[in-house]
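In this text the structure is predicted, and so the values were computed from the model without any measurement.
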Amino acid sequence: MYYVNRQQIDNRLDQAQLLEQAVGSLTSNWSGSIVDHLAQERALHIAIEIVTDVGSLLIDGFILRDASSYEDIVDIVAEAGAMDEQLHQVLIQLVALRRPLVQDYEKWKRDDIHPLFKNLDVTMRQFSESVHRFLQKELPALQV
């Protein structure tokens, strides 16, 4: 029997919903200010953390192979069938931004809206829906 911490997964996916709202507001009111850029960076960072946290919870809960990197977390969850290939590719690009955002932030270019940010609300919605479908399929008796 698997122990999938659905409460932790749901808590993180709830944050994805809040992030969707923030992204929509920020993109529609974009002025290019430093505050906009810093908010964009933080939103990208939170999205990455949501994806990797939820991925890690799925890996632990379903006793999947250990991940060797953030990208590997996404690969493992995709291999398990929790997302389609298109979403998988977008999430790989997203988590690849973690190092530049967290460690190399002084080199981050703040000249425009990042291409992944433009659709981050859609990406996070698709991720949440994919995780819920996956849990429903794998744990149907628990009614996720």
Side-chain angles (χ1 to χ4, degrees), residues 1-30 35-144:
M1 182 72 178
Y2 298 118
Y3 174 71
V4 178
N5 193 328
R6 291 181 11 222
Q7 185 61 51
Q8 284 188 347
I9 290 171
D10 287 342
N11 288 344
R12 280 153 178 83
L13 293 177
D14 287 346
Q15 295 303 305
Q17 288 179 342
L18 293 175
L19 191 61
E20 287 177 47
Q21 295 169 8
V23 168
S25 176
L26 187 58
T27 53
S28 65
N29 297 308
W30 186 264
V35 173
D36 286 351
H37 285 285
L38 293 174
Q40 172 184 234
E41 291 169 39
R42 182 62 177 150
L44 287 165
H45 181 208
I46 291 171
I48 293 163
E49 296 303 317
I50 292 168
V51 169
T52 56
D53 286 352
V54 170
S56 293
L57 288 165
L58 292 173
I59 288 168
D60 291 346
F62 288 102
I63 313 169
L64 304 172
R65 71 175 172 84
D66 289 335
S68 61
S69 67
Y70 290 101
E71 290 87 348
D72 201 28
I73 292 170
V74 176
D75 288 341
I76 293 166
V77 173
E79 290 166 8
M83 67 187 72
D84 64 28
E85 186 57 28
Q86 182 179 0
L87 181 59
H88 174 225
Q89 292 306 314
V90 172
L91 294 179
I92 287 292
Q93 292 174 41
L94 179 66
V95 298
L97 295 178
R98 189 176 191 282
R99 183 179 181 113
L101 285 168
V102 175
Q103 295 178 358
D104 301 327
Y105 52 87
E106 79 282 2
K107 298 175 189 169
W108 186 265
K109 295 191 188 274
R110 294 185 178 107
D111 52 0
D112 203 1
I113 297 178
H114 191 279
L116 289 176
F117 188 77
K118 292 177 183 176
N119 294 313
L120 190 62
D121 52 348
V122 174
T123 299
M124 296 310 293
R125 187 174 328 107
Q126 289 174 341
F127 177 67
S128 294
E129 291 168 356
S130 292
V131 168
H132 283 120
R133 275 193 306 274
F134 177 74
L135 290 172
Q136 188 72 24
K137 182 181 90 178
E138 296 298 321
L139 304 170
L142 298 178
Q143 291 302 310
V144 177

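Contact check for His114 versus Leu97: side-chain heavy atoms found under the 4.5 Å cut-off. For the pair Asp10 and His132, the minimum side-chain heavy-atom distance is below 4.5 Å. Considering only heavy atoms from C-beta on, Asp72 comes within 4.5 Å of Asp75 through its side chain. Using a 4.5 Å heavy-atom cutoff, the side chains of Glu79 and Leu64 are not in contact. In this structure, Leu58 and Leu135 have side chains that are in contact, with non-hydrogen atoms separated by less than 4.5 Å. You'll find the side chain of Arg42 stays beyond 4.5 Å of the side chain of Leu38, heavy atoms only. Thr52 is listed as a side-chain neighbour of Val95, based on a closest heavy-atom distance under 4.5 Å. Within the 4.5 Å cutoff, no side-chain heavy atoms of Ile113 are placed close to those of Leu26.
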Q: Determine, stepwise, if the pair Leu57 / Val4 fulfils side chain to side chain contact (heavy atoms under 4.5 Å, CB included).
A: CA-CA 7 Å; Leu57 288 165; Val4 178; over 6 Å; no
Q.
Between Gln15 and Leu19, is the side chain to side chain contact (heavy atoms under 4.5 Å, CB included) condition met? List the steps.
A. CA-CA 6 Å; Gln15 295 303 305; Leu19 191 61; over 6 Å; no
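Gln8 contributes atom CD, which lies 11.0 Å from atom OG of Ser56 (distance to the nearest 0.5 angstrom). Separating the CZ atom in Arg12 from the CD atom in Gln17 is a distance of 15.0 Å, to the nearest 0.5 Å. Atom CE of residue Met83 and atom CD of residue Glu129 lie 13.0 Å apart, to the nearest 0.5 angstrom. Summarising the geometry, atom OH belonging to Tyr70 is positioned 11.0 Å from atom CZ belonging to Arg99; distances are rounded to the nearest 0.5 Å. Rounded to the nearest 0.5 angstrom, Thr123 OG1 and Glu20 CD are separated by 9.5 Å. Rounded to the nearest 0.5 Å, atoms CG (Leu94) and CZ (Phe127) are 10.0 Å apart.
Atom CD of Gln86 is surrounded by 12 or fewer heavy atoms from other residues, nucleotides or ligands within 6.0 Å. Applying the 6.0 Å contact sphere to CG of Asp66 captures no more than 12 heavy atoms from other residues, nucleotides or ligands.
Between Phe62 and Phe134, the two ring planes are perpendicular [angle over 60°; tilted spans 30° to 60°].
For Gln7 and Asn11, the side-chain atoms include at least one donor-acceptor pair closer than 3.5 Å. When only modelled atom types and interatomic distance are considered, Arg125 and Ser128 share no side-chain donor-acceptor pair under 3.5 Å.
When every heavy atom of Val54 is checked against every heavy atom of Leu13, the shortest pair comes out as CG2-CD2, 4.0 Å. When all heavy atoms of Ile73 and Ala67 are compared, the pair lying nearest together is CG1-CB, 3.5 Å. Heavy atoms only, all atoms of each residue included: Phe117 and Thr27 are closest at CE2-CG2, 3.4 Å. Across every non-hydrogen atom of Gly81 and Lys137, the tightest pair is O-NZ, 4.4 Å. The two atoms that bring Met124 and Ala16 nearest to each other are CE-CB, 3.9 Å, heavy atoms only. Residues His45 and Val102 approach most closely at NE2-CG2, 3.6 Å, considering heavy atoms.
A donor-acceptor contact shorter than 3.5 Å links the side chain of His37 to the backbone of Arg110. No side-chain donor-acceptor contact under 3.5 Å links Ser25 to the backbone of Gln21. Between the side chain of Asp84 and the main chain of Leu87, a donor-acceptor pair closer than 3.5 Å is present. Between the side chain of Asp104 and the backbone N or O of Lys107, no donor-acceptor pair lies under 3.5 Å.
Between Arg98 and Glu49 there is a salt bridge, since a side-chain N of the basic residue sits under 4.0 Å from a carboxylate O of the acidic one.
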